[in-house]
Number of protein chains: 2
Amino acid sequence: MPTARERILDATTTLLADKDALAISTRDICAEAQVGMPEIYRQFGDKQGLLTAVADLGFQKFLASKRANPTTDDPVADLKTAWDSHTTFALANPHLYRLMFTPAGSSKPHGISEARELLHAALGRCLNAGRLRLPMETAGHAILSANVGVCLMALSFPDPYADPSVSATLRDTVIGKATGEEEDPRLGTATLLAQQLLGTLTGQGE
Amino acid sequence: MPTARERILDATTTLLADKDALAISTRDICAEAQVGMPEIYRQFGDKQGLLTAVADLGFQKFLASKRANPTTDDPVADLKTAWDSHTTFALANPHLYRLMFTPAGSSKPHGISEARELLHAALGRCLNAGRLRLPMETAGHAILSANVGVCLMALSFPDPYADPSVSATLRDTVIGKATGEEEDPRLGTATLLAQQLLGTLTGQGE
DNA sequence: ACCCGACGTTATCGATGCTAACACGGTATG
DNA sequence: CATACCGTGTTAGCATCGATAACGTCGGGT
């Protein structure tokens with residue numbers, strides 16, 4: 001028998017597959033986890049703390065599914081693969097996804113920054129391959145924001161925003177803008193140099 | 001004295017300026033509107049109905065602020081103006097915006113389709129000007145999804161996603177892709193990089 | 001043996017969404 | 001003028017919810 005904490009997290013995740021986070025009562029969770037009510041509050045402080053913990057657990061699953069994607073020799077293609085895996089995850093786990101990316105109150109899941117770092121690592125590979133023509137920060141924020149936007153719109157208004165072509169179009173547009181192939185090599189070189197200089201000054205080389 | 005329905009809607013909108021929709025109790029609303037509890041349910045069925053009505057009212061305000069933007073002879077510039085007014089509205093009315101674009105349960109506000117039509121009208125003007133190189137449906141959905149994504153990320157994770165340059169970059173990218181006719185992208189990139197370098201060197205490192 | 005921490009049980013509190021039952025005041029219809 | 005009606009206000013109450021208190025149990029480690 002797993003520990004009480006694990007059972008609670010497990011039960012909440014299970015219930016989250018059907019209902020929305022707000023439609024789940026602590027008593028339902030306790031019944032599903034075979035735990036007494038106070039156990040939730042001993043472990044997580046309050047319901048919000050539990051939900052945040054579940055959201056972070058969701059991020060681990062989310063990031064694991066991204067890390068499972070092999071790193072090819074085409075970093076731009078890897079970016080697109082990551083985008084698609086993001087969208088797939090959102091549509092497969094709607095309530096969990098909304099819990100992760102539209103948190104209520106002031107308790108933000110910690111996993112969002114890990115997602116950001118993972119994306120930046122992928123962008124770093126593009127940079128090293130000379131295929132990044134936007135600042136990494138800007139590119140990362142833009143890509144993630146657009147991706148989340150597509151997913152949330154598809155979840156909130158499936159008609160007509162769940163159309164896969166919307167995700168694909170936006171994916172190619174945003175990633176294309178960030179990584180588009182360059183025409184004048186000198187401009188690309190200058191951009192690369194500037195970015196490396198910025199990275200050095202910011203303290204994070206690599 | 002306005003009618004009871006108006007007072008309720010007004011009170012809810014007022015409270016929505018401070019708290020989140022879920023943090024507002026029906027009793028708070030009744031106290032603010034000087035109405036008895038049953039009045040809410042006579043008028044809106046249940047709390048969700050009231051919130052949906054408030055969301056639709058928000059859409060009217062939202063669309064009015066968009067229609068207030070004059071139609072110039074540059075339809076692409078109009079698109080960008082609309083994007084900025086969208087972002088401004090979201091940041092100015094965070095709780096109302098989240099109520100509008102991430103509705104809970106199965107009650108979707110009706111205003112979303114009006115927003116879609118308004119956007120399509122603007123895209124139609126681009127088409128007539130020969131400045132649309134994407135299907136209108138696709139372009140409209142992509143633009144709105146990206147815009148909503150930027151706003152929701154900025155609201156949920158202001159650090160670091162509330163950076164105005166994210167909205168601007170995504171705006172120019174998506175609208176640029178839909179309407180063609182982009183300025184040399186490397187110019188914008190170089191400018192952006194230079195600004196970040198300047199900021200870093202000046203001591204205020206991003 | 002002792003205590004202590006993790007876990008379970010029961011009961012309870014205040015707040016919330018929601019509803020029933022009834023009373024009041026205009027308005028229009030006869 | 002009387003009637004019925006509709007919108008509105010008042011009170012009381014229900015079931016459920018999140019959260020807590022008080023207490024009991026068990027096992028492990030010093």
Side-chain angles (χ1 to χ4, degrees), chain A residues 1-58 95-96 98-100 102-109, chain B residues 1-57 95-96 98-99 102-109:
Chain A
M1 184 98 108
T3 165
R5 184 184 182 92
E6 291 170 330
R7 264 179 297 157
I8 293 176
L9 288 170
D10 225 39
T12 309
T13 307
T14 300
L15 293 175
L16 214 50
D18 294 336
K19 316 174 189 177
D20 184 88
L22 298 160
I24 299 180
S25 72
T26 57
R27 285 170 173 83
D28 287 344
I29 297 174
C30 293
E32 175 83 15
Q34 300 195 11
V35 199
M37 290 236 15
E39 203 55 36
I40 291 185
Y41 300 91
R42 275 195 275 258
Q43 298 282 348
F44 305 98
D46 59 357
K47 189 187 184 183
Q48 194 54 241
L50 166 59
L51 290 181
T52 303
V54 172
D56 266 318
L57 215 102
H95 301 121
L96 179 57
R98 290 185 60 155
L99 185 62
M100 291 162 56
T102 61
S106 56
S107 62
K108 316 293 181 187
Chain B
M1 181 96 107
T3 165
R5 184 183 182 93
E6 290 171 331
R7 264 179 296 155
I8 293 176
L9 288 170
D10 225 39
T12 308
T13 307
T14 300
L15 294 175
L16 215 50
D18 294 335
K19 315 175 191 179
D20 183 89
L22 298 161
I24 300 179
S25 73
T26 56
R27 283 173 174 83
D28 286 346
I29 297 175
C30 293
E32 175 82 18
Q34 300 194 12
V35 188
M37 291 241 11
E39 202 56 36
I40 289 185
Y41 301 90
R42 276 195 275 259
Q43 299 283 347
F44 305 97
D46 59 359
K47 188 186 184 185
Q48 195 53 243
L50 165 59
L51 291 181
T52 303
V54 172
D56 266 317
L57 215 101
H95 300 122
L96 179 57
R98 290 185 59 155
L99 185 62
T102 62
S106 56
S107 60
K108 317 292 180 186

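Below, chains carry the letters A, B, ... as their sequence lines are ordered, and counting in each starts from 1.
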Donor-acceptor check, side chain of [X] to backbone of [Y], threshold 3.5 angstrom: yes or no?
{"X": "B/S25", "Y": "B/D28", "value": "yes"}
{"X": "B/R7", "Y": "B/Q34", "value": "yes"}
{"X": "A/Q43", "Y": "A/I40", "value": "no"}
{"X": "B/H95", "Y": "B/K19", "value": "yes"}

Expressed as a whole number of angstroms, how long is the span from [X]:[atom1] to [N]:[atom2]?
{"X": "A/R5", "N": "C/dA6", "atom1": "CZ", "atom2": "P", "answer": "12 Å"}
{"X": "B/E39", "N": "C/dA20", "atom1": "CD", "atom2": "C1'", "answer": "15 Å"}
{"X": "B/Q43", "N": "D/dG7", "atom1": "CD", "atom2": "P", "answer": "9 Å"}
{"X": "B/I40", "N": "D/dG7", "atom1": "CD1", "atom2": "P", "answer": "18 Å"}
{"X": "B/D20", "N": "C/dT16", "atom1": "CG", "atom2": "C1'", "answer": "16 Å"}

query: Do B/T102 and A/T102 get their side chains close enough for a donor-acceptor pair, meaning under 3.5 Å?
result: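 Side-chain D/A pair, B/T102 to A/T102: absent.
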
- request: Compare side-chain N and O positions of A/T3 against OP1 and OP2 of C/dA6 and report whether any pair is under 4.0 Å apart.
  value: no

task: Please determine if a side-chain N or O atom of B/R7 lies less than 4.0 Å away from the OP1 or OP2 oxygen of D/dG7.
output: no

query: What's the shortest heavy-atom distance between B/L51 and B/T12, and which atoms?
result: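 Heavy-atom minimum between the residues: CD2-CG2, 4.4 Å.
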
statement: Protein heavy-atom contacts under 4.0 Å, written 5' to 3' over nucleotides 16-21 of chain D as B (base), S (sugar-phosphate only) or - (none), form the string -BBBBB

query: Does the base of C/dG8 carry an N or O that pairs as donor and acceptor with the side chain of A/R42 under 3.5 Å?
result: yes

